[in-house]
Amino acid sequence: MSATTMRAAVHDRYGSPEVVRIEEVARPIPKDDEVLIKVHATTVNRSDCGLRQPVPFFVRFFTGLRRPKRRILGGELAGEIAAVGAAVSKFEVGDHVFGIAGSGAHAEYVCVREGRVLAPKPTSMSFEQAAAVCDGAMIARGCLRRADLHEGRSILIYGASGSIGTAAVQLARHFGAHVTAVCGTKNVELVKSLGADAVIDYQQDDFTKNGETYDVVFDAVGKHSFRRCRRSVRSGGTYIDTDLGFMWHVPFLALATRLTRLLGGRRVTLPIPTYSKAEIIFLKELIDAGKYRAVIDRSYPLEEIVEATTYVETGQKTGNVVITVLADPASEGNMQ
């Protein structure tokens with residue numbers, strides 16, 4: 001491999017994880033306002049899976065009608081600045097950074113604009129841990145912003161052991177809410193360690209039938225529905241969904257919101273997360289203060305990205321699945 005090429009996970013058609021392959025491609029060159037990042041670690045998340053096999057079909061009007069517009073997936077990353085554009089002033093070659101690339105992080109190098117979601121990597125974290133922070137936490141943060149969480153408010157988080165869920169438990173606790181987390185048996189102790197005040201094992205108890213109510217019910221995995229959960233939402237409370245296919249249900253949700261306002265003032269929200277410099281700085285401050293940690297289920301080398309993606313699509317992962325592009329000596333062992 002020459003100095004002008006790199007390894008990357010590419011896909012030229014939509015389909016199952018097997019459409020992805022490792023290929024040698026041209027190394028990107030940073031524009032004046034960009035930095036070139038040597039990627040140490042990235043992740044595979046449900047956004048990557050949705051872009052590789054977009055459903056519903058109309059999503060292809062944005063991603064490419066017949067074939068993907070972007071061959072290389074991967075939004076989250078942690079790595080080292082390898083080169084900077086002429087107009088870059090906030091980063092220098094050799095800086096360790098983490099953030100959101102948008103796409104292209106499933107490769108040895110990626111270019112990111114200096115003003116995008118990029119910040120110095122927390123010194124307390126390995127590259128693998130830092131790569132697993134942003135996407136889940138920023139989606140959770142965007143959702144919880146609608147919930148007005150503070151001391152005295154209660155929230156139930158369904159899917160509390162996933163990427164968004166583990167972030168939501170920690171963020172809701174940080175804002176002072178009473179947190180009830182719902183997860184499977186194997187993750188009960190993990191979720192407690194993240195700060196949940198109470199944990200419901202969905203394999204033993206159905207929270208929609210136990211008579212308890214909450215100010216906020218947050219479906220962090222998009223597998224429930226307002227119809228099933230409405231009795232668990234207090235009068236004046238909020239139900240938050242993260243289903244990426246929510247657009248099919250907008251007419252129903254709009255009607256449900258109007259009707260339920262007549263029956264206790266409950267509301268349904270489908271917030272869209274904001275990825276911003278301010279958000280990543282907020283997360284870095286929490287990490288530096290010891291108030292947030294990334295949860296990693298498994299780590300795979302770039303060459304095993306098909307296996308990693310297949311595992312993510314089982315829907316059984318705990319926290320995040322990391323792809324190691326450049327080995328990091330500080331990332332040995334279990335990251336949970």
Side-chain angles (χ1 to χ4, degrees), residues 1-54 59-60 62-86 88 91 93-114 116-118 127-128 130-132 134-135 275 299-313 320-328:
M1 186 166 56
S2 72
T4 60
T5 61
M6 66 176 184
R7 292 179 307 141
V10 304
H11 72 303
D12 295 307
R13 58 190 176 92
Y14 297 122
S16 66
E18 285 71 24
V19 302
V20 180
R21 66 186 186 280
I22 303 300
E23 186 175 287
E24 188 172 330
V25 301
R27 183 183 301 183
I29 299 173
K31 298 176 182 177
D32 285 353
D33 63 343
E34 292 181 335
V35 296
L36 177 67
I37 300 173
K38 180 188 294 185
V39 180
H40 284 243
T42 179
T43 66
V44 175
N45 55 44
R46 72 181 193 178
S47 297
D48 298 318
C49 297
L51 290 170
R52 193 203 68 249
Q53 194 169 25
V59 175
R60 296 191 184 194
F62 304 97
T63 64
L65 194 58
R66 300 182 64 183
R67 60 182 63 87
K69 291 180 181 178
R70 298 178 179 178
R71 302 178 71 211
I72 305 173
L73 297 171
E76 298 177 278
L77 63 82
E80 179 181 350
I81 303 292
V84 298
V88 171
F91 297 104
V93 172
D95 286 351
H96 292 181
V97 296
F98 77 124
I100 299 283
S103 65
H106 290 172
E108 291 181 316
Y109 292 87
V110 65
C111 286
V112 180
R113 290 207 317 271
E114 179 185 34
R116 289 290 298 273
V117 188
L118 198 64
F127 285 105
E128 287 193 350
C134 289
D135 190 65
Y275 298 95
S299 180
Y300 296 81
L302 182 63
E303 290 76 13
E304 295 178 12
I305 195 165
V306 171
E307 290 85 347
T309 304
T310 300
Y311 177 60
V312 169
E313 293 190 349
N320 301 271
V321 170
V322 169
I323 300 297
T324 300
V325 182
L326 180 63
D328 178 11

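Computed over heavy atoms, backbone and side chain alike; hydrogens, waters and symmetry mates excluded.
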Query raised in the report: What pairs with Arg21 under salt bridge (charged side-chain N to carboxylate O under 4.0 Å, His left out), at least two apart in sequence or on another chain?
Result: Asp12, Glu23

Could you tell me the separation between the [atom1] atom of [X] and the [atom2] atom of [Y], rounded to the nearest 0.5 Å?
| X | Y | atom1 | atom2 | answer |
| --- | --- | --- | --- | --- |
| Arg71 | Ser103 | CZ | OG | 12.5 Å |
| Ile29 | Tyr109 | CD1 | OH | 13.0 Å |
| Leu118 | Leu77 | CG | CG | 7.0 Å |
| Glu80 | Leu326 | CD | CG | 8.5 Å |
| Thr324 | Glu304 | OG1 | CD | 10.0 Å |
| Gln53 | His11 | CD | NE2 | 10.0 Å |

Heavy-atom pair of closest approach, residues [X] and [Y]:
| X | Y | answer |
| --- | --- | --- |
| Gly74 | Ala101 | O-CB, 4.4 Å |
| Pro54 | Thr63 | CG-OG1, 4.0 Å |
| Ile305 | Ile22 | CG2-CD1, 4.3 Å |
| Asn320 | Ala132 | ND2-O, 3.4 Å |
| Gly75 | Asp48 | N-OD1, 3.9 Å |
| Val110 | Ala105 | CG2-N, 4.3 Å |

Donor-acceptor contact present, side-chain [X] to main-chain [Y], <3.5 Å:
| X | Y | answer |
| --- | --- | --- |
| Glu108 | Met6 | no |
| Arg67 | Tyr14 | no |
| Glu114 | Val88 | no |
| Tyr300 | Val321 | no |
| Arg116 | Ile100 | no |
| Thr43 | Val322 | no |

Under 4.5 Å between any side-chain heavy atoms of [X] and [Y], yes or no?
| X | Y | value |
| --- | --- | --- |
| Ile37 | Ile81 | yes |
| Cys49 | Thr309 | yes |
| Tyr275 | Asp135 | yes |
| Val44 | His106 | yes |

Report task. Under the side-chain hydrogen bond (donor to acceptor under 3.5 Å, both in side chains) rule, collect the residues that match up with Thr310, sequence neighbours excluded. Result ->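 Once residues adjacent in sequence are excluded, Thr310 has no partner under the side-chain hydrogen bond (donor to acceptor under 3.5 Å, both in side chains) criterion.
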
Query raised in the report: So His40 and His96, would you call those rings parallel, tilted or perpendicular, with 30° and 60° as cut-offs?
Result: tilted

